[in-house]
Amino acid sequence: QLQLVESGGGLVQPGGSLGLSCAASGRTISNYVLGWFRQAPGKEREFVASITWNGGRTLYADSVKGRFTISRDNAKNLVYLRMNSLKPEDAAVYYCAARRELFTSADYGDYRYWGQGTQVTVSS
């Protein structure tokens, strides 16, 4: 069973940067597509970014494209989300997710494994 634990959330001012990490255990992540999703209060969970098993292909939501970067280190069983130029509307609980498929997906229903989430607050 693959287990995921996010870290790195916190409070950041608008325009600032923050890096999230997701540590996997139980299985190697090298066979999994990994993704980040987020959910703000009163809103549905939405796709942020995903990355294929070897990092060869990434997919981003239009709202974060050019500001966020997803990456992974299979040797360390880690996936990262670097967030720059943060906006108040980026505030949410951020979740790491995994699916054992070759292709990325923006549909949260396609991901079987989920972390507990880490809170990101963007405020001055």
Side-chain angles (χ1 to χ4, degrees):
Q1 186 80 355
L2 183 66
Q3 296 177 329
L4 304 171
V5 178
E6 303 91 341
S7 62
L11 172 64
V12 62
Q13 292 185 343
S17 298
L18 201 62
L20 304 182
S21 298
C22 175
S25 62
R27 293 180 180 174
T28 175
I29 62 169
S30 58
N31 297 322
Y32 293 82
V33 164
L34 296 169
W36 287 95
F37 290 76
R38 66 188 182 187
Q39 188 167 18
K43 295 187 177 181
E44 293 188 353
R45 190 168 299 190
E46 65 172 355
F47 171 75
V48 175
S50 65
I51 187 168
T52 51
W53 71 274
N54 63 351
R57 175 166 286 189
T58 56
L59 181 67
Y60 294 94
D62 288 342
S63 59
V64 307
K65 202 172 294 183
R67 301 188 297 122
F68 290 13
T69 303
I70 188 172
S71 60
R72 64 191 293 162
D73 186 334
N74 288 346
K76 295 182 179 178
N77 248 24
L78 290 168
V79 61
Y80 306 100
L81 185 68
R82 181 64 182 176
M83 305 183 292
N84 296 325
S85 302
L86 282 161
K87 305 174 181 180
E89 52 264 40
D90 293 318
V93 177
Y94 281 71
Y95 297 91
C96 176
R99 66 192 297 258
R100 191 166 181 175
E101 299 289 345
L102 289 177
F103 305 108
T104 59
S105 172
D107 185 347
Y108 69 81
D110 288 340
Y111 291 78
R112 177 176 180 182
Y113 302 99
W114 291 86
Q116 294 300 307
T118 186
Q119 178 71 51
V120 172
T121 303
V122 184
S123 175
S124 55

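- Under the side-chain hydrogen bond (donor to acceptor under 3.5 Å, both in side chains) criterion, Thr28 pairs with Ser30, not counting sequence neighbours.
- Partners of Ser7 by side-chain hydrogen bond (donor to acceptor under 3.5 Å, both in side chains), not counting sequence neighbours: none found.
- One finds the CG atom of Leu34 at 7.5 Å from the CG atom of Leu4 (value rounded to the nearest 0.5 Å).
- For the pair Leu18/Leu86, a side-chain contact is recorded, criterion being any heavy-atom separation below 4.5 Å from C-beta on.
- Atoms CZ and OG, from Arg82 and Ser71 in turn, are 10.5 Å apart once rounded to the nearest 0.5 Å.
- Among residues two or more places apart in sequence or in another chain, the side-chain hydrogen bond (donor to acceptor under 3.5 Å, both in side chains) test is passed with Asp90 by Arg38, Arg67.
- Other residues, nucleotides and ligands contribute more than 12 heavy atoms inside 6.0 Å of the CD atom of Glu89.
- Here Tyr113 pairs with Arg27 under the side-chain hydrogen bond (donor to acceptor under 3.5 Å, both in side chains) rule; sequence neighbours left out.
- To the nearest 0.5 Å, atom OH of residue Tyr95 and atom CD of residue Glu46 are 12.5 Å apart.
- Within the structure, disulfide bond (SG atoms under 2.5 Å apart) pairs that include any residue of residues 32-92 do not occur (at least two apart or interchain).
- For the pair Arg72 (side chain) and Thr52 (backbone), a donor-acceptor distance under 3.5 Å is present.
- A side-chain donor-acceptor contact under 3.5 Å links Asn77 to the backbone of Ala24.
- Taken together through direct or relayed side-chain contacts under 4.5 Å among Ile, Leu, Val, Met, Phe, Trp and Tyr, Leu2 and Leu20 form part of one hydrophobic cluster.
- Residues Val33 and Tyr111 are in side-chain contact: their nearest non-hydrogen atoms beyond the backbone lie under 4.5 Å apart.
- Through direct or indirect side-chain contacts shorter than 4.5 Å among Ile, Leu, Val, Met, Phe, Trp and Tyr, Leu78 is connected to Tyr80.
- For residues 93-115, the set of pairs meeting the salt bridge (charged side-chain N to carboxylate O under 4.0 Å, His left out) definition, not counting sequence neighbours, is empty.
- A continuous path of ILVMFWY side-chain contacts below 4.5 Å connects Val48 to Val79, so both sit in one hydrophobic cluster.
- Pairs of residues two or more places apart, or lying in two chains, that qualify as disulfide bond (SG atoms under 2.5 Å apart) and include a residue from residues 14-120 are Cys22-Cys96.
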Under 3.5 Å, which donor-acceptor pairs link side chains of residues 116-124 to any protein atom two or more places apart or in another chain?
unit_1: Thr118; atom_1: OG1; unit_2: Gly9; atom_2: N; d: 3.2
unit_1: Gln119; atom_1: NE2; unit_2: Ala92; atom_2: O; d: 3.4

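- Applying the ring pair (Phe, Tyr, Trp, His ring centres under 6.0 Å) test to pairs two or more places apart or on separate chains, those with a residue in residues 43-70 are Phe37-Phe47.
- By the salt bridge (Lys or Arg N to Asp or Glu O under 4.0 Å) test, Lys43 is found to be paired with no residue, residues two or more places apart in sequence or in another chain being considered.
- Atom CD1 of Ile29 sits about 4.5 Å away from atom CG of Asn74, to the nearest 0.5 Å.
- Criterion: ILVMFWY side-chain heavy atoms under 4.5 Å apart, direct or through other members. Under it, Val64 and Leu59 are not part of a common hydrophobic cluster.
- At a threshold of 4.5 Å between non-hydrogen side-chain atoms, the residues Leu81 and Thr69 do not count as touching.
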